[in-house]
Structure formats: structure tokens, C-alpha cells
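In this text the structure is predicted, and so the values were computed from the model without any measurement. Reminder, nothing fancy here: chain letters follow the sequence lines and each chain counts from 1.
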Amino acid sequence: MQELIKASEHYKNKIDWLTTYHHFSFGDYYNPEKNEYGPLRVFNDDLIKAGTGFEFHQHRDMEIVTYVIDGALRHRDNLGNDGIIEAGEMQRMTAGTGVIHSEHNASKTNSLRLLQIWVFPDKKGLPPSWQQKNILTKTEKIKYFK
Amino acid sequence: MAAKKYTDEDRKNKILQVIGPINKSGSELSIHQDVSFYLSSLEPEKKVEHNLESGRKAYMFVISGKISMNGNIMETQDAAKIENTNTISIEAKKQAELILIDLPEKYSQ
């Protein structure tokens, strides 16, 4: 069985610095039919303007995957991490007992498109951690992501 | 951090696993749940398949491009929930970038 969800069906929220598509309930968007799919809880497709982003906020007991499609994201958290996730890179963050982080477009000129995907962890109270990986080498990024 | 870097060839016209469950993962990223993430970069007319084991389902998203998935056309930002299916067959109609999340029907929380 396949259920197709057209692009226009995702909940779209556009404010001055962010255009975001929520596939599942998130923030002010609540849809009782779209609370989760198995352990997949959130799927957001975000377009963030240059020089802007999400200020520090907290997560708990959630596995948060960030995949940068275009541009670069500066990620800072209270674990002491301060780094960039570039196009073609993926990060997994375990919020566990709690993490506070901020996510900003690292560029002053270019927009940033990323996917943020939340998955329920298989147990609560995990120690916070993260892992990051380049999916493409630098020359391939130039080819793929302009 | 994992030392291995993927190259273009690793996911070109293939399905590349990029995240796996923490007790099962190899060089890809790990996650504390029984899920796997895959990326694929398909040239026009190229085909790939992903097998779903019994008791599993998938969520697929077209980052960009156009594909046919089990006979259904999907375009940029379209998504699909796939269940009770053994094989997901994908053919690119235009250059396409895809992400696929392989999920369990039953899971711990």
C-alpha cells in the first residue's frame, strides 16, 4: 500500500525569515492524523534566510536528524559544540536528558534549505550526544549544490 | 567522528544507507531506534529498489526531481507512506534526490 502525500498537502508556514513545511504536527500546527508514523515524529523542510535562524531552545528524549540540502547551518549547543553542517552533511543529535541548541544560517548572503527529522528514541533518559558525517566530498558538493 | 567520507559514487544511482540503528551500524551514523535512513541520487531513467522486511514500513521524500515509485509519479517535495509492501521500485523521470526512512511497525520508546 502506498499513500502519496503531495507537496501542497504539507502544512506551510511562511514568516519573514523562514518558509517551513511540516509533514507532521509541529509548533502551532496540530493535525491529529499526522502526529507520527511509527517512531517518525517530525519531518520539517525548512528554508531559512541568510543571517537568520532558530535561537536557543531545548529538546529532550528525541533523536534529531538534520540534513543540509543547500547552504550551511551553524549549530551550537550546551554540550560545548559549535560547528557547521554544510550541504551534503547529516547530523544526528540525541537530546536524551536534555540539550539546548541554536541553529542559524551560517551565510550572510545565501538561503539555507535543510530537513529536520525527529525520531522517538528507544529509551528515555539517554546521555546527550551527536554525530556528524559528510555524505559528499567537497568537490562533489560544488557539483551538486552549486 | 567516523573517518569515512562518502563520495558521489556511493549514492549515484544507488540507495545508500546513511543512518542505522546503534547496535547494527557500520560506517554510517547511528541512531537510538530501529530505523535506517537512505539517500539516493538518480540520473534520468535509472532504477533502484529497496526491500522492506516484514514488519516494516517506509516514509519517502523527493528532495528534488521526479520519479515513479511502484507506478506512482512523485515530484519535488512529494512524500509517501509505504506499508505492506515487499519492494519499493523507483525509476527517475528526471534527475532526482531522494531520502527514504525505513521504519518498524512495532518499536520501543
If you count heavy-atom pairs within less than 4.5 Å of chain A, which of [options] leads?
| options | result |
| --- | --- |
| B/H32, B/E105, B/Q33, B/E83 | B/H32 |
| B/K106, B/Q77, B/K81 | B/K81 |
| B/L39, B/V62, B/N84 | B/L39 |

Legend entry - Flag if over 12 foreign heavy atoms under 6.0 Å of CG, A/D82: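 Yes.
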Heavy-atom check, side chain of [X] versus side chain of [Y], under 4.5 Å:
| X | Y | result |
| --- | --- | --- |
| B/F37 | A/I117 | yes |
| B/T85 | A/Q2 | yes |
| B/S108 | A/K123 | no |
| A/D45 | B/F61 | yes |
| B/I31 | A/V65 | yes |

Legend entry - Side-chain donor-acceptor pair present, B/Q109, A/D122, cut-off under 3.5 Å: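 No, A/D122 and B/Q109 have no side-chain donor paired with an acceptor closer than 3.5 Å.
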Side chain, backbone, both or neither: which part of [X] has a non-hydrogen atom closer than 4.5 Å to chain A?
| X | answer |
| --- | --- |
| B/I63 | both |
| B/L52 | neither |
| B/I88 | neither |
| B/S64 | neither |

Legend entry - Under 4.5 Å from a heavy atom of chain B, the part of A/L126 involved: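 The side chain, not the backbone.
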Inset, instruction - Give the intermediate values and the outcome of side-chain contact (heavy atoms from CB on, under 4.5 Å) for residues B/V18 and A/K133. - result: CA-CA 9 Å; B/V18 292; A/K133 182 163 213 137; over 6 Å; no
Legend entry - Neighbours of chain B found in residues 3-19 of chain A - heavy atoms under 4.5 Å: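 The residues closer than 4.5 Å to chain B, in numerical order, are A/E3, A/L4, A/I5, A/K6, A/A7, A/H10.
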Inset, instruction - Give a yes or no on whether the backbone of B/I19 and the side-chain of A/R92 come within a donor-acceptor separation of less than 3.5 Å. - result: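 Here the side-chain-to-backbone pair does not exist.
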Inset, instruction - Kindly state whether the ring of A/F24 and the ring of B/Y59 have centres lying under 6.0 angstrom apart. - result: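 Yes, the ring of A/F24 comes within the 6.0 Å limit of the ring of B/Y59, centre to centre.
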Legend entry - Which of A/F120, A/Y37, A/F43 touches chain B most, by non-hydrogen pairs under 4.5 Å: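 Between A/F120, A/Y37, A/F43, the count favours A/Y37.
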